[in-house]
Structure formats: structure tokens, C-alpha cells
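Here's the structure, in C-alpha cells; my notes come after.
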Amino acid sequence: MAVVESSVVGEAQGRVAELAAIRVRALAGPGEQATEAQHARGKLTARERIGLLLDDGSFREVEQLRRHRAAGFGLEAKRPYTDGVVTGWGTVEGRTVFVYAHDFRIFGGALGEAHAAKIHKVMDMALAAGAPLVSLNDGAGARIQEGVTALAGYGGIFQRNTRASGVIPQISVMLGPCAGGAAYSPALTDFVFMVRDTSQMFITGPDVVKAVTGEEVTHNGLGGADVHAETSGVCHFAYDDEETCLAEVRYLLSMLPSNNRQGPPSLPCADPAGRSTAGLLEVVPADGSRPYDMRRVVEELVDEGEFLEVHEHWARNIICALARMDGQVVGVVANQPQVLAGVLDIEASEKAARFVQMCDAFNIPILTLLDVPGFLPGVDQEHGGIIRHGAKLLYAYCNATVPRISLVLRKAYGGAYIVMDSQSIGADLTYAWPTNEIAVMGADGAANVIFRKQIAAAQDPEATRARLAKEYQAELMHPYYAAERGLVDDVIDPAETREVLIQSLAMLRTKHADLPSRKHGNPPQ
């Protein structure tokens, strides 16, 4: 009996040793030469990236020993463990986060049936656990040798991206190429990060573009980080290196809840809630025609002057940022008078609408800072669909049930005033500074419309126009006109702005609002 038991124990120990050897090979990947080649491209390996993203020692891998079962076209002779994607979960600042990372060293990170199945599983796990999902993308697209099954794998990813949208935060980090249909998964997620020079996204590559249109363009010129951060708006954040990029992903995660049933995490705050913001009087000129940097206003209002700007380089006439006030996360939407005088245009409307929807989905209160002269006029804007695109921002605000506070710093004219979370579309509280002008349009424009005949008949049209504009301004655009009619809750001292906003956010923290029962809305597209 003792001999039998010894034999069984020995066999078990042998199996354990065999497993350990297999795991060592799986962890090592395709070999030192492939790793050196990855580093030579200025890129980290999948496991190095995961190590930077997650808390030390917290990663728990799933399906490490998975291998493809495809035959033909040379695949049967090469069946590496992990099949080119590392999947699992760990923690970021102690909170659970799921992750998958393409391993470019194996099949160029190309997606096959087994590869896709691993991603599907970790996506399902993230949704079931109610935890954020981060994808570290560095792949060459569908694995051609596996044919249509690879394409079906992408379909499964897209379906899960859509099902998880607004339920758990989804973050795509582009760390290498992403071409063709593969680019649609990042586009379906909440945030896209890119690294300059090493990551690109496009539907058709430079060779196809040249063959079809005759245009010659480089990979970075077609779909690099700066292109998508500044021109297309596909990328929310762009950085120079992977280490900084992944550190900023961690920072973003610290501002987001794990899922839509929770609020964003709060932190102790050493910045006094009642701190005076008298410095704002020097930042914001009383003259409505003079520009200033709205970022300085945001810095003055939020805790320690720190905020994370989303889409910093795209549609720069509007600012969207995540910050904390008294330790609580808040989303800030603000016109930027330094760029195009802070007008709303097609891109600014899209940028802000998407941000408002994200904040509402993840229970983040919205603070809107207004200094807007209206919508950008022009044939290009009208033909480009400014009505349709502007309506996206209107729809997003009207649909949002989170606490919403708006503050008019200087001017708020016309339809742009209504769209930028006015009280008439559901803002919970609306404040204004004594320098505010809320009106259909500027005084000069109004005088030209109302008193057109009188100005034309005057001996001195310019003097008459100026006098009538001044009268209109005094009668209908004085700082307390909107407050007298209940469209502004209070006109506040700029020095008390931080204190008033924090008190208001605290009061609204228990706000509850329901939308009508429906399958879903039909927002303008």
C-alpha cells in the first residue's frame, strides 16, 4: 500500500513539475530575440505593460495555456501558449480591473479563434463582476490563416463592447498598429489612449489609400496619435511614451466608478472647501470681448488646481475635464474664450455631448462654465450639419439625470446659452457672476435688428446705433435680468464661487431622477 501511495505522490509531483515548466515557457513567450525586436521598436511586451498598469503582484492570469487548434498554412507547426493575448485581472489602487493585452511577438498580435475566445471571456467576466476593462492593443488585425473565424471573433468583441457601454468603464490603450475592422472596438469604448510614433489606427492603410486615391501618406500621417488627438477626435489622450501613458490610465481609473451602480471614488481633501477664489477677478476680464484662458478658472475652482482634460487637443474651443471638488469627482464642461472666442461649432458640440453622456452614465456630477457668444456662423458649419451636431449636446444635457450646475461667467447668447445646460433644459442650479450678460444676442446685433429703420433714417447712423444698443443692454442685458425672472438662482461673488459650488454639489449628492420608460432614445446622429 505504501508503495502505491508513494507512486501516486511521485506521479502527482511529476505533473506539478511539468505544469511549472509549461508555465515558465508561457511566461517567457516566443523567446529573447522576439522580445529584443519588440524593444527595438520602442515598445514594451504585453506583460511589461500589464505590470505598469496594475498594482504590483496583483495580476491573475486566465487561460494562460490556451493554444489555437487551426491547421494548415503553417499554423499547425506553431502553437504557442497564450495564442498571442494575455488576459486576466488585477487591481489599480486596490480596485479590481480586468485587462487583455495583445502580444505582438506572437503572430504579430493577430486575432484568431482562440485569441478571440480569451478576450470574449475576460470581457464577460468584467461585465459580470462590474469592474472596468482595459485593452492594451498591439495587433496586426485578423489572423488571415484562420479565415472567417477570425472575423467572427471581432464581431463578438464589438457586441460585448456595446453591451458593456455605460455599464462598466472601457478604456482602449493603443500601443501599436490597429487596422481595419479591429479599429471599431476602441471606437466603441469610453476612452482611447495613444502613444506617439508607435501606435496607429486606420480602416485602410497607406498602401490601399495610394492605390485607390493616389494619395501618398505615412502610417503616422494617416492614423498616428497626433492625427487622432487633434484632427479626427478618435483619440482622447496622446503621450510620448508607454510609461507615461499607462500612468495616466491609472489616474483616469482613479476618477471613475467601477460600474454604473456606484459613484466615483472620493478622496480626503486638504484644499479648504471655503477657500476664496478672488483671484478669478484677475483671470476673467470684465470686457466681454477680451479673451482669457478658461483653464485658469478651472484650476482656481478645483482641488489643488488638478484636473484631467479629455480631448485636450481636439475642438479646443471647449474644455472637458475630470477633477475633484472637496474630494468628490466632477465633470467640467467649459467654453474656452482663448480659442474662437469660445463659440460652439460642430466638433465642440460632439466633444461635449460625448463627455456629458459619459459623466451621466457613470454618476459623475456635471459643472458647466459658460462664456459663449453663440454658434459659429458659416456655410461650412451649416452644410456640415451644425443643427444636427449641436442637437447632440442639447440631447445629452436634457437626458442627463446626474446633478447639474451651470455658472455664467460673462456672456451667454442665443441658442448656445440654452444648449449649454441652461435652467430651461434641466440644470438643477444656475449661478451667474455680476459680469454676466444673458441674452438672445449681443447688444449691437440686437439694435441692428430691432431698430433697423430708425438707424437707417438717422442723420448719424453710427451714433444712433451705439445709443440704442446701450439702451437695449441697460434694459434687457443687465446682470440681474435673468435672476429677476427665475432663470438664474443667484448672482454670486466670484470670490465665493468654489464655496458655493461645493455646497451645491453636496446638497445634490442624493439627487434622484428617472427618465420615462423606454427601450432607448433616438439621439441625433
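No hydrogens, no waters, no symmetry mates; every other heavy atom, side chains included, goes into these values. From a predicted model like this one, the values you see are computed outputs, not experimental measurements.
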Do the side-chain N and O atoms of [X] and [Y] include a donor-acceptor pair separated by under 3.5 angstrom?
X      : Y      : value
Arg105 : Thr35  : yes
Gln357 : Arg354 : no
Gln338 : Asn317 : no
Asn137 : Ser135 : yes
Ser185 : Asn161 : yes

Any sub-3.5 Å donor-acceptor pair from [X]'s side-chain atoms to [Y]'s backbone N or O?
X      : Y      : answer
Arg250 : Leu53  : yes
Arg498 : Pro272 : yes
Gln38  : Leu44  : yes
Lys351 : Ala315 : yes

**Study point:** Verdict with supporting geometry, Asp138 and Lys43, salt bridge (Lys or Arg N to Asp or Glu O under 4.0 Å)
**Key:** CA-CA 9 Å; Asp138 186 8; Lys43 301 196 293 185; 2.9 Å; yes
Under the side-chain hydrogen bond (donor to acceptor under 3.5 Å, both in side chains) test, residues paired with [X] that sit two or more places apart:
X      : answer
Asp326 : none
Asn363 : none
Glu347 : Trp314
Arg275 : Asp271

Review point. For atom CZ of Arg316, is the number of surrounding heavy atoms from other residues, nucleotides or ligands below 6.0 Å larger than 12?
Key: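 For Arg316, atom CZ is not crowded (no more than 12 foreign heavy atoms under 6.0 Å).
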Review point. Taking only residues two or more places apart in sequence or in another chain, which ones pass ring pair (Phe, Tyr, Trp, His ring centres under 6.0 Å) with Phe237?
Key: Phe193
**Study point:** Student check: side-chain heavy atoms of Trp89 and Leu54 closer than 4.5 Å
**Key:**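 Not in contact.
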Practice item. Decide yes or no for Ser165 and Leu188: does some side-chain heavy atom of the first lie under 4.5 Å from some side-chain heavy atom of the second? Key: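 No. Closest side-chain heavy atoms not under 4.5 Å.
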Review point. Can you list every ring pair (Phe, Tyr, Trp, His ring centres under 6.0 Å) pair that touches residues 207-233, not counting sequence neighbours?
Key: Phe202-His219
Exercise for review: To the nearest 0.5 angstrom, please state how far the CG atom of Asp240 sits from the CZ atom of Arg196.
Suggested key: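 These two atoms lie 5.0 Å from each other.
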